[in-house]
Structure formats: structure tokens, C-alpha cells
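The analysis underlying the following values was restricted to heavy atoms, covering all of them including side chains, and did not include hydrogens, waters or symmetry mates.
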Number of protein chains: 2
Amino acid sequence: MTLGRPRAFDLDERLDRAMRVFWRQGYEGTGLADLTEAMGISRPSLYAAYGNKEALFRKAVAHYTAGPARHADAALAEPTARAVTEHLLRGTVRVCTSDENPSAGCLIVQGALVTGPQGAALREELALMRAEGERALCARYRRAQEEGDLPAGLDPADLARHVKAVTYGIAVQAATGTAPADLHRLVDMTLAAWPPPAPAPAPAPDGPELPAGR
Amino acid sequence: MTLGRPRAFDLDERLDRAMRVFWRQGYEGTGLADLTEAMGISRPSLYAAYGNKEALFRKAVAHYTAGPARHADAALAEPTARAVTEHLLRGTVRVCTSDENPSAGCLIVQGALVTGPQGAALREELALMRAEGERALCARYRRAQEEGDLPAGLDPADLARHVKAVTYGIAVQAATGTAPADLHRLVDMTLAAWPPPAPAPAPAPDGPELPAGR
DNA sequence: GCAGTTCGATACCGATCGGTACAGAAGTGG
DNA sequence: CCACTTCTGTACCGATCGGTATCGAACTGC
């Protein structure tokens, strides 16, 4: 079997290189030339092996969640809500400031956070992935409450939204150039307040702030 | 004075339209065609009036900070550290989920969060603006400590980094589709923990998490 | 050897990118 | 009116965009 001339490169290894380019430059900021150069293969080889740029990006995202960002899933297996949270946050810091890609941030966050019309599909898919990650975290917190591991007065959805927001904040902070040690202190602060107090009874959506519209 | 044919459009009003396009699509996701169509002017008029695409983006950012996002500066004038924080966070929610641009997020965050080589200059400039905003917030917290408005045991830089991270988180959450009411509850939670406790004495940068590198 | 199949590199496709030359229209000061 | 200045629209520039046709090279099975 496996008729014909064998492929001269390793699919996964080249996909890893492509992922790194997308990670650094985003979907729209990356051209075919960037990809073929980094991957060391020609354009037709890329298309034969991965489909097209959009499909390659999707594969890169899958490679990312299964590789550098697998802490996001792994965290859910921790025994307590607090350990889940710490695992998730510390892992996020580590990924967003990996040595090879110092101020990288997170591919899921910034790979296609905003796009033109032709990137709309990917943008929405990444948004869905983020929402799904939050949903999974929410479910984990709910389970923690059932196990008596987390105070029952808290809304697990609020909690998950808050923790996820911190991970997004870490990603943007990393892209802003914040040092890993500083980001770990940010995590320290979040954990020091764990479990968070129940929010006040909603201080009116229209608070003391200015009318923020222009 | 004012020789020659007068300009047939209002500079500021058209700049506002351009800002909205950049806001929605980012720098790299926006083409000249998108801009000229939204602004209702021809390409040469755009170049004569604003320079080029990059210069237009810079003007759009300035228009943004002075317009929709002026809460960021205005917040610093609040009398207490807590009021500053609430003003900043609520304003961020409002801007990131403005009616005209429901899941917009923040232009400073996502206008050029990651880019290819030709967008590198803008990317770094926006990163600098974010860092500068954090620095200003830090200074404000330091003043609050001197005024006895904030416990002295906290590091103002840690505080500013944390609050800014929450605003970034809000921006990404907005782009993910989170409803304004949910984001306001996120703000509630952050404020309920205000002022935050001093972080634990750093639980070792290498905690119980997985080795996050692939 | 041969037939069949798949890979890889060159060279190219139309479309779009950001940016501009040019000429006419619309205003000013004399 | 004129000379002068500045704006606007058309039409175009080279470069790059994502994507592909083509053909020789390399491999398997017979």
C-alpha cells in the first residue's frame, strides 16, 4: 500500500511550524509566503497536504489546543476548584510567555479576534471555542459545588466568566510585553481572593460613570 | 485665506466612520475599499486628507481615545481608588458593547494585537499605549495610598496590572459575544473583592501544573 | 523492465492590495 | 474676466494576495 512517491516531509512537524507563524502574526497577518518559508515546503505541497490557508489554520488551532494549550483541558481534571483555577491560570501564563515566542499571547484569543469579511468564519469559530471553554469551566465549578468544594452561594457561570476573563487579560498583557513574573503575581492576586465573594446586588448598570458613547 | 476649492466633507465626521471600520475589522482586516466606502470619499481624497492607511489608523486611534474611550482618562479623576476602578471597568463594558458595535471590543486592544511584519510598528505603538495606560493607573493608585485611600500593603503596580487585565478580559469577552449584563456582573465580582488581598508569598513559578510547552 | 500513482518545483492565474498620475471642477484674490 | 490654488473622480500603477495548471521526479506493484 501507500502507492506513489512518499511525502518528503513530516505532516505534524511542518504543521507545528505553521502554527507558530499564525500564533505570532494572526490569520490575516500571515501570508502564504510566510507559511511556505517557515514550513520549508512549496505552495502546491501545502495545498495538497493541508487544503488551503483556512484549513491549515484550523489544523494549526487543533494542534495548538492539543499541544501548547492542552493545560486548558488538563486543568479540569484537578481535584478541587481552586486547583483547577490555578492550573488554568499558571498554564496560561506559561503558554503566553513561552521562550520561543516571548510576547505571544494565545492563538485562540488573538489568531482571529477581529477580521475583515473573509475571515469572519474563523473569527466566529474561535469565539465559539472560547465560549465552549468557558462553558466547560462553568460545568466543572458546578460539579465542585455539588462536591462541597466551592461555596454554594456563588454562580458558577459568573465564576467561569471571571476566571476566563483573567486568562484573556493575561494573553493581552503578554502581547503588551508584561514579564512572566509579573503575570504570575497577577495570578497570585486572583488566587488570593479565591473563592471570590458574591457580587453586590448589582450597582445599577448605569452607575456614576460618564456616558461612554462618543 | 483658505485658497482653492473647499473640502466637500467634514474631516472629523469621516474620521469617525473610518474609526468604526478599524474598530470592527482591525488594521490588517481593513482594506482601502472598506474605508473609502464607509467614509463616502474617494481614495485620493483620503490620502490628501489623512496621509495613508497607517496615518489614518493613528488618527482613528486618537479619535477613539478622545471619544468612545475617554472614560479611561476620565476615570483617573475620580476621588477614590475604588471609584476610579469602577468608572474604568463600567466604562470599558459600555464601550466594548456599544449598541452600534455590539461585540466590538476595544480598538486599542484588538486593532493590531498581532500583525504581520508591515503592521509591526502599529502593533508596538498600541502595546505602548496599553502599557502607558497601566502606568497612569498605577500612579493613580499610588496617590490613593498616599491619601490613605487604599491599604499601604498592596503594590500599586500589581493592582493596576490586575485591573487592566480585567479590562482586557472584558474586551475579549465582548468580542466573544458575552452580553453586557454578564460583563457588568464580572465587574461586580471584581469590585466585591476590592481592595484585593495581598497575594500569597508567591507559590513558586513552577506549581502543580503540567509542563505547558508542547 | 513497465504501468500506475503521488509528490514537488516552476511558473502562472485573476483578484485585490496600498498608493498615485492626471485632468477637470470649484473655489479664492485680483 | 483672469491667474492661482486646492479638491474630486477616473483610471491606473507595481506588488502581493490566495490558489492552481503542468510536468518531471520518485516511489509501488507487477
Quick one: list whatever passes side-chain hydrogen bond (donor to acceptor under 3.5 Å, both in side chains) with B:Q110, sequence neighbours left out.
none

Taking salt bridge (Lys or Arg N to Asp or Glu O under 4.0 Å) as the test, write out the residues that go with A:R143, two or more places apart.
A:E147

Contacts of A:E54 that satisfy salt bridge (Lys or Arg N to Asp or Glu O under 4.0 Å) - sequence neighbours left out
A:R58

Using atom names, set out every protein N or O paired with an N or O of nucleotides 13-16 of chain C below 3.5 Å, distance rounded to 0.1 Å.
none

Of residues 25-44 of chain B, the positions that come close to DNA chain D - non-hydrogen atoms, cut-off under 4.0 Å
B:S42, B:P44

Between the protein and nucleotides 25-27 of chain C, are there any N/O to N/O pairs under 3.5 Å, and if so, what are the atom names and distances?
from   : atom 1 : to   : atom 2 : distance (Å)
C:dA25 : N3     : B:R5 : NH1    : 3.0
C:dA26 : O4'    : B:R5 : NE     : 3.3

Just do the side chain to side chain contact (heavy atoms under 4.5 Å, CB included) check on A:C106 and A:Y168 with the steps written out, would you?
CA-CA 8 Å; A:C106 169; A:Y168 302 151; over 6 Å; no

Tell me which residues in residues 111-120 of chain B lie within less than 4.0 Å of DNA chain C, going by non-hydrogen atoms.
none

Classify A:A48 by what it touches in the nucleic acid, base, sugar-phosphate, or nothing, heavy-atom distance under 4.0 Å.
nothing

For B:R161, all residues meeting side-chain hydrogen bond (donor to acceptor under 3.5 Å, both in side chains), sequence neighbours excluded:
B:D158

Could you list the residues that satisfy salt bridge (Lys or Arg N to Asp or Glu O under 4.0 Å) with B:R5, not counting sequence neighbours?
none

Pair listing, salt bridge (Lys or Arg N to Asp or Glu O under 4.0 Å) test, anchored in residues 168-177 of chain B, at least two apart:
none

Partners of B:F57 by ring pair (Phe, Tyr, Trp, His ring centres under 6.0 Å), sequence neighbours excluded?
B:F22, B:Y27

Looking at C:dC7, I'd like to know if its phosphate oxygens (OP1 or OP2) sit under 4.0 Å from a side-chain N or O belonging to A:S45.
no

Applying salt bridge (Lys or Arg N to Asp or Glu O under 4.0 Å) as the test, list every pair that has at least one member in residues 24-48 of chain A; sequence neighbours left out.
none

